[in-house]
Q: 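Quick one: the structure is below, questions incoming.
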2 protein chains.
Amino acid sequence: MRKENSTNTINEQFLFQVCELNSAIAIIGGRWKAQIVYSISQGNNRFHLLKKELPNISEQVLGRQLKELEIHAIIIKKEIPDTVPLGVEYVLTNKGLDLVSILESLCNWGKLYADGKEISACLA
Amino acid sequence: MRKENSTNTINEQFLFQVCELNSAIAIIGGRWKAQIVYSISQGNNRFHLLKKELPNISEQVLGRQLKELEIHAIIIKKEIPDTVPLGVEYVLTNKGLDLVSILESLCNWGKLYADGKEISACLA
DNA sequence: GCAATAACGAACAAAATTGTGAGCCACTAA
DNA sequence: TTAGTGGCTCACAATTTTGTTCGTTATTGC
């Protein structure tokens, strides 16, 4: 999928070195990721619950996003024993939980200015 | 550039409605955006200074990112009078400044776990 | 006269992300 | 027996993002 030596990849790696900020953005910057993390934190921690919350997402895409969040250790996949068919629960890690509060700040920031807070230049 | 009725665009709009969080992510989620905002906040507020900080970025790409940040009212472009050739300064708005502190949280979050903080599941 | 500076813009190409169609497993309820 | 559930995976197509090439402005220094 990724070309090792594309300028795109090289630039991405460069940014990762400059500051962890850029790795963080890369983790949550995808189309559905931030919303999925937030939804899980609200208790929609099952595949089918997420599907209900995000009716437009296809199962393929949802599965892909969840796997990537798992790779970055934001969530952990847990099988629920003695269920048929075998249920799966997604649980936030402490890393994921810390992220949620930052996402909440971002959300409030967006709301504040969407609600018409005045915007003006700040003099340095 | 954007197709009005692509599923991709429709899904993006859907997420924008769900929560401002998603608009916020869309604003800062691009390849260089967060880093540019952060660099400007550190005083690299001129086109050529940003080029020096980000040696791999092409001028076209830098210009494009700056324009988009301007559209979202994160920065404002100011011409510096009596300079030859005419200099341009990028100034953060209050909206941009509020964003910077969130970016700093993100950065710290990334650093914390990159430095090896233990990760474990949080029980709900 | 020629290169350099500061700050871009347009058109195009490459690469990456996102979405689609189909199918799988092992059940259970009607 | 047919449909439904929960939770996926594969290969491929559509769309979007990112990067490249070339050109522009007006001026100064060599």
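In what follows, every chain begins at residue 1, and chains take the letters A, B, ... in the order their sequences are listed.
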Q: Mind listing the N/O atom pairs, protein and nucleotides 3-5 of chain D, below 3.5 Å?
A:
none

Q: With sequence neighbours left out, write down each residue that passes side-chain hydrogen bond (donor to acceptor under 3.5 Å, both in side chains) with B/Asn11, or none if nothing qualifies.
A: none

Q: Taking side-chain hydrogen bond (donor to acceptor under 3.5 Å, both in side chains) as the definition, give me every residue that meets it alongside B/Arg46, ordered by chain and number, with sequence neighbours left out.
A: none

Q: Under 4.0 Å between a side-chain N/O of A/Lys77 and OP1 or OP2 of D/dC8, yes or no?
A: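 Yes.
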
Q: Quick one, A/Val91 and A/Ile75 - any side-chain contact, counting heavy atoms below 4.5 Å?
A: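 No, their side chains stay 4.5 Å or more apart.
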
Q: Do the non-hydrogen side-chain atoms of A/Leu86 and A/Ile80 ever get within less than 4.5 Å of each other?
A: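 Not in contact.
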
Q: Please name all residues satisfying side-chain contact (heavy atoms from CB on, under 4.5 Å) with B/Lys77, sequence neighbours left out, ordered by chain then number.
A: B/Glu70, B/Val88, B/Tyr90

Q: What residues form a side-chain hydrogen bond (donor to acceptor under 3.5 Å, both in side chains) with B/Lys67, not counting sequence neighbours?
A: none

Q: Using side-chain hydrogen bond (donor to acceptor under 3.5 Å, both in side chains) as the criterion, list what pairs up with B/Lys117, not counting sequence neighbours.
A: none

Q: Sequence neighbours excluded, which residues qualify as side-chain contact (heavy atoms from CB on, under 4.5 Å) partners of A/Cys19?
A: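 Here the qualifying residues are A/Leu21, A/Asn22, B/Gln35, B/Cys107.
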
Q: Where along residues 37-44 of chain A does a heavy atom fall under 4.0 Å from DNA chain C?
A: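 The answer is none.
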
Q: Within this structure, what is the CG-to-P distance between B/Asn5 and D/dA14, rounded to whole angstrom?
A: 16 Å

Q: Rounded to whole Å, please give me the gap between CD1 in B/Ile25 and P in C/dT18.
A: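 About 12 Å, once rounded to whole Å.
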
Q: Using a cutoff of under 3.5 Å, can you pull out all pairs of nitrogen or oxygen atoms linking the protein to nucleotides 15-22 of chain D, with atom names and distances?
A:
from   : atom 1 : to      : atom 2 : distance (Å)
D/dT15 : OP2    : B/Lys3  : NZ     : 3.3
D/dT15 : O3'    : B/Ser6  : OG     : 3.4
D/dT16 : OP1    : B/Ser6  : OG     : 2.8
D/dT16 : OP1    : B/Thr9  : OG1    : 2.7
D/dT16 : OP2    : B/Lys3  : N      : 3.1
D/dT16 : O3'    : B/Arg2  : NH2    : 3.3
D/dT17 : OP1    : B/Arg2  : NH2    : 2.8
D/dT18 : OP1    : B/Arg31 : N      : 2.9
D/dG19 : OP1    : A/Asn11 : ND2    : 2.5
D/dG19 : OP2    : B/Trp32 : NE1    : 2.8
D/dG19 : N7     : B/Arg64 : NH2    : 2.6
D/dG19 : O6     : B/Arg64 : NH1    : 3.1
D/dT20 : OP1    : A/Thr7  : OG1    : 3.2

Q: Whole-Å distance between C/dA16 P and A/Ile10 CD1?
A: 10 Å

Q: With sequence neighbours excluded, tell me which residues meet salt bridge (charged side-chain N to carboxylate O under 4.0 Å, His left out) with A/Lys33.
A: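 Listed in chain order: A/Glu68.
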
Q: Between atom CZ in B/Phe14 and atom P in C/dG19, what is the gap in whole Å?
A: 12 Å

Q: Contact class for A/Gly87 vs. all strands (heavy atom < 4.0 Å): base, sugar-phosphate, or nothing?
A: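 Touches sugar-phosphate only.
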
Q: Regarding A/Leu62, tell me which of base, sugar-phosphate or nothing describes its non-hydrogen contacts under 4.0 Å with the strands shown.
A: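 Answer is nothing: A/Leu62 stays at 4.0 Å or more from every strand.
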
Q: Could you list the residues that satisfy side-chain contact (heavy atoms from CB on, under 4.5 Å) with B/Ile71, not counting sequence neighbours?
A: none

Q: Ignoring backbone atoms, establish whether A/His48 has a side-chain N or O less than 4.0 Å from OP1 or OP2 of D/dG7.
A: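 Checking A/His48 against D/dG7: at least one side-chain N or O falls below 4.0 Å of OP1 or OP2.
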
Q: Do the side-chain N or O atoms of B/Arg46 get closer than 4.0 angstrom to the phosphate oxygens (OP1, OP2) of C/dA6?
A: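 Answer no for this pair, as no side-chain N or O of B/Arg46 is under 4.0 Å from OP1 or OP2.
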
Q: Please report, rounded to the nearest Å, how far the C1' atom of C/dT17 is from the CD1 atom of A/Ile28.
A: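 In whole Å, C/dT17 C1' and A/Ile28 CD1 are 17 Å from each other.
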
Q: What's the shortest heavy-atom distance between A/Leu92 and A/Ile40, and which atoms?
A: CG-CG2, 4.1 Å

Q: Roughly, in whole Å, what's the span from CD in A/Glu79 to P in C/dC25?
A: 17 Å

Q: What pairs with A/Gln42 under side-chain contact (heavy atoms from CB on, under 4.5 Å), at least two apart in sequence or on another chain?
A: A/Tyr38

Q: Separation of A/Asp82 atom CG from C/dA26 atom C1', in whole Å?
A: 15 Å

Q: Does C/dG9 have its OP1 or OP2 closer than 4.0 Å to a side-chain nitrogen or oxygen of B/Lys67?
A: yes

Q: Whole angstroms only, please: what is the CG-C1' distance between B/Leu86 and D/dT25?
A: 10 Å

